[in-house]
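Written below as structure tokens is the structure these notes are about.
Atoms within a ligand are numbered from 1 in the order they appear, just like the ligands themselves. Here, residue 1 is the first one in the sequence, and each next residue gets the next number.
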Amino acid sequence: MRITVVGTGYVGLVSGACLADVGNDVLCLDVDPAKIQTLQQGGIPIHEPGLPELVRRNVEAGRLRFTTDVEAAARYGTVQFIAVGTPPDEDGSADLQYVLAAARNIGRYMDGYRVVVDKSTVPVGTADKVRATIAEELAARGAAIDYSVVSNPEFLKEGAAVEDFMRPDRIIIGADDERAIDCMRELYAPFQRNHARQLVMDVRSAELAKYAANAMLATRISFMNELANLAETLGADIEQVRQGIGSDPRIGWHFLYAGCGYGGSCFPKDVKALVRTGREHGHELGLLAAVEAINRRQKLRVVDKVVRRFGEDLRGRHFALWGLAFKPETDDMREAPSRVVLEELFARGATVAAYDPAASREARRIFGQETRLGCVERPMQAIEGADALIVLTEWKEFRSPDFERIRAQMRQPVVFDGRNIYEPAVMRRYGIEYFGIGRRCRAA
Ligand SMILES: NC(=O)c1ccc[n+]([C@@H]2O[C@H](COP(=O)([O-])OP(=O)(O)OC[C@H]3O[C@@H](n4cnc5c(N)ncnc54)[C@H](O)[C@@H]3O)[C@@H](O)[C@H]2O)c1
Ligand SMILES: O=c1ccn([C@@H]2O[C@H](COP(=O)(O)OP(=O)(O)O[C@H]3O[C@H](CO)[C@@H](O)[C@H](O)[C@H]3O)[C@@H](O)[C@H]2O)c(=O)[nH]1
């Protein structure tokens with residue numbers, strides 16, 4: 001099939017490459033010329049495991065191409081995926097300007113039947129707006145061309161995006177016309193595992209299902225974070241509690257990790273957008289408002305512990321920070337807890353040597369002028385002369401470091417573990433003062 005993917009970010013690029021990998025001809029469009037130039041020259045603008053090989057293979061096979069030519073893109077694919085950003089507006093609602101701009105371009109230049117597929121995360125009712133936008137453009141040029149609009153929300157996780165796209169739990173197809181449904185069924189047939197993964201439903205339910213999934217996962221995390229804070233006060237250990245409840249199949253093991261809060265480009269913005277949608281329609285979603293508030297507080301939890309240990313005034317203090325990305329295996333720092341922690345430390349006068357296997361470049365872009373931040377090339381470089389080590393992302397390489405060396409090279413052996421990757425008893429054995437989240441250890 002001939003496919004156009006509009007937007008070559010985390011979702012668009014992964015979707016385009018995976019769809020090409022099963023034999024489709026894919027043209028990826030972006031309005032960012034730098035991104036397209038990088039891709040055309042064989043580079044990959046983001047860190048995502050498996051993606052460079054996948055893109056290279058399909059570019060070489062001639063199935064995957066990149067362009068900034070809006071007209072050519074609209075004329076190319078029978079299926080037009082919209083995978084552009086939907087960032088939060090000032091009031092928390094999803095900003096649809098990029099989605100509607102993409103729809104406008106499709107309407108302006110399409111020259112035959114199109115299935116316009118919305119893959120971006122968008123509020124209920126957006127498909128209607130996309131449909132109306134395309135209709136306006138067609139009317140303006142007096143063209144009568146048939147098209148369908150489909151909602152096909154994406155559930156991939158960064159850091160595992162290729163794997164998630166290739167082996168999805170489910171593929172939601174929100175559509176109300178048979179021609180589009182047949183087309184989507186055919187397109188996704190290669191991505192079904194042993195049994196049917198495709199769920200066909202009405203457009204509005206598909207749009208809402210995406211927000212429901214993210215809101216549910218975020219709720220679990222805030223629930224665990226709230227309990228972790230209580231566990232600390234009570235002298236219980238949240239990791240033991242997690243084991244105690246995760247074994248119940250009605251609860252399950254996933255997304256039960258307490259820590260320094262959820263980040264990323266999805267949970268924070270999608271929870272806010274759903275709360276906003278509720279409010280617009282007279283439903284106060286109190287539970288989700290609390291989920292969001294708990295998460296905002298949780299990102300400050302590590303700083304609270306640092307302040308309790310070292311005092312409010314951190315001038316002259318120097319910290320090692322491991323993990324800038326919002327989660328492992330990505331360079332993405334959107335809404336990352338590290339941003340909040342760094343800003344708080346700087347505001348109190350501290351300096352920081354930070355290490356991240358993938359996100360240093362992004363950190364330099366974000367904190368460009370900040371002289372109190374140094375990004376280093378190796379984890380142990382950060383440790384030298386530090387008053388404490390702060391861990392904010394659970395990259396695999398942080399799990400089993402040389403604790404003897406850490407103790408020897410720091411000004412004082414103190415570890416604040418925002419992801420609970422170390423065991424308090426092991427830290428005690430190494431003579432390291434340890435502060436986890438909701439762990440049973442010496443209270444800060
Ligand atoms: N990142 C994720 O893990 C993830 C997972 C599932 C769903 N989503 C949703 O998918 C959407 C995209 O997310 P992302 O993280 O890939 O965003 P992103 O910011 O990484 O990429 C969006 C891209 O779209 C481009 N763009 C903007 N307007 C355009 C236009 N009119 N024409 C062509 N290109 C245009 C931008 O230049 C950018 O490269 C969002 O709605 C997001 O909520 C994201
Ligand atoms: O038990 C847990 C699990 C995750 N997190 C944090 O939650 C955030 C989000 O993690 P994750 O969901 O793994 O990454 P995302 O790439 O943001 O993926 C989410 O958001 C995407 C965009 O909508 C969806 O497609 C995915 O299904 C959904 O998992 C990260 O900061 C994690 O550290 C926790 O604190 N505790």
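The nearest heavy-atom contact from the protein to atom 13 (O) of ligand 2 is Lys327 NZ, 2.8 Å. Here the protein heavy atom with the shortest distance to atom 19 (C) of ligand 2 is Phe267 CE2, 3.4 Å. In terms of protein heavy atoms, atom 33 (O) of ligand 2 is closest to Arg419 NH1, 3.2 Å. Closest to atom 25 (O) of ligand 2 among all protein heavy atoms lies Leu156 O, 2.7 Å. For atom 43 (O) of ligand 1, the closest heavy atom belonging to the protein is Lys269 NZ, 2.6 Å. The nearest heavy-atom contact from the protein to atom 17 (O) of ligand 2 is Phe326 CE1, 3.5 Å. Taking atom 29 (O) of ligand 2 as the reference point, the nearest protein heavy-atom neighbour is Lys157 CG, 3.5 Å. Protein heavy atom in closest approach to atom 7 (O) of ligand 2: Tyr262 CB, 3.3 Å. Ranking the protein heavy atoms by distance from atom 21 (O) of ligand 1 puts Gly9 CA, 3.2 Å first. Shortest contact from atom 13 (O) of ligand 1 to any protein heavy atom: Val11 CG2, 4.1 Å. The nearest protein atom to atom 34 (C) of ligand 2, hydrogens excluded, is given as Ile221 CD1, 3.6 Å; this is a heavy-atom distance. Of the protein's non-hydrogen atoms, the one nearest atom 23 (C) of ligand 1 is Asp30 OD2, 3.7 Å.
At least one heavy atom of Arg334 sits less than 4.0 Å from an atom of ligand 1. The closest approach between Gly259 and ligand 2 stays at or above 4.0 Å for every heavy atom of the residue.
Between Thr121 and ligand 2, a contact under 3.5 Å exists for no N or O pair. Between Lys210 and ligand 1, not a single N/O pair is under 3.5 Å apart.
Residues Phe165 and Phe191 bring their aromatic ring centres within 6.0 Å.
Between Gln198 atom CD and Gln192 atom CD the span is 4.0 Å, to the nearest 0.5 Å. Rounded to the nearest 0.5 Å, atoms CE (Met224) and CZ (Arg242) are 7.0 Å apart. Of the inter-residue distances, the one linking Arg108 atom CZ with Thr133 atom OG1 reads 11.0 Å to the nearest 0.5 angstrom.
Of all the atoms in ligand 2, the ones that sit under 4.0 Å from a non-hydrogen atom of Lys210 are 22 (C), 23 (O), 24 (C), 25 (O). Close contacts between ligand 1 and Cys266 involve ligand atoms 2 (C), 4 (C), 44 (C) [criterion: under 4.0 Å to a heavy atom]. Each of the atoms 38 (C), 39 (O) of ligand 1 lies under 4.0 Å from some heavy atom of Lys35. In summary, the atoms of ligand 2 found under 4.0 Å from a heavy atom of Glu154, numbered by their order in the structure, are 25 (O). Distances below 4.0 Å separate heavy atoms of Cys266 from the following atoms of ligand 2: 20 (O), 21 (C), 22 (C), 23 (O). Residue-ligand proximity, Leu256 to ligand 2, at heavy-atom distances under 4.0 Å covers atoms 1 (O). For ligand 2 and Tyr257, the ligand atoms under 4.0 Å from any heavy atom of the residue are 1 (O), 2 (C), 34 (C), 35 (O), 36 (N). Interface atoms of ligand 2 facing Glu158, defined by a heavy-atom separation under 4.0 Å, are 16 (O).
Minimum interatomic distance between Ser338 and Met333 (heavy atoms only, all atoms of both residues): OG-CE, 3.7 Å.
Side-chain contact between Val203 and Val149 is absent, with no heavy-atom pair separated by less than 4.5 Å. Within the 4.5 Å cutoff, the side chain of Val271 has no heavy atoms near those of the Leu274 side chain.
Checking Pro123, Ser120, Ser93, Ser265 one by one against Thr86, the side-chain contact (heavy atoms from CB on, under 4.5 Å) holds for a single residue, Ser120.
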List the steps, then state whether side-chain contact (heavy atoms from CB on, under 4.5 Å) holds for Tyr434 with Arg439. CA-CA 9 Å; Tyr434 176 76; Arg439 301 310 306 271; 4.2 Å; yes
What verdict does the side chain to side chain donor-acceptor pair (under 3.5 Å) test give for Glu394 and Asn420, after you've listed the backbone C-alpha separation in whole Å, the side-chain angles of each residue and the deciding distance to 0.1 Å? CA-CA 8 Å; Glu394 67 279 30; Asn420 288 345; over 6 Å; no
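Contacts of Pro153 with ligand 1, taken as heavy-atom pairs under 4.0 Å, are absent altogether.
Between Phe403 and Tyr422, the ring-plane angle classifies as perpendicular under the 30° and 60° cut-offs.
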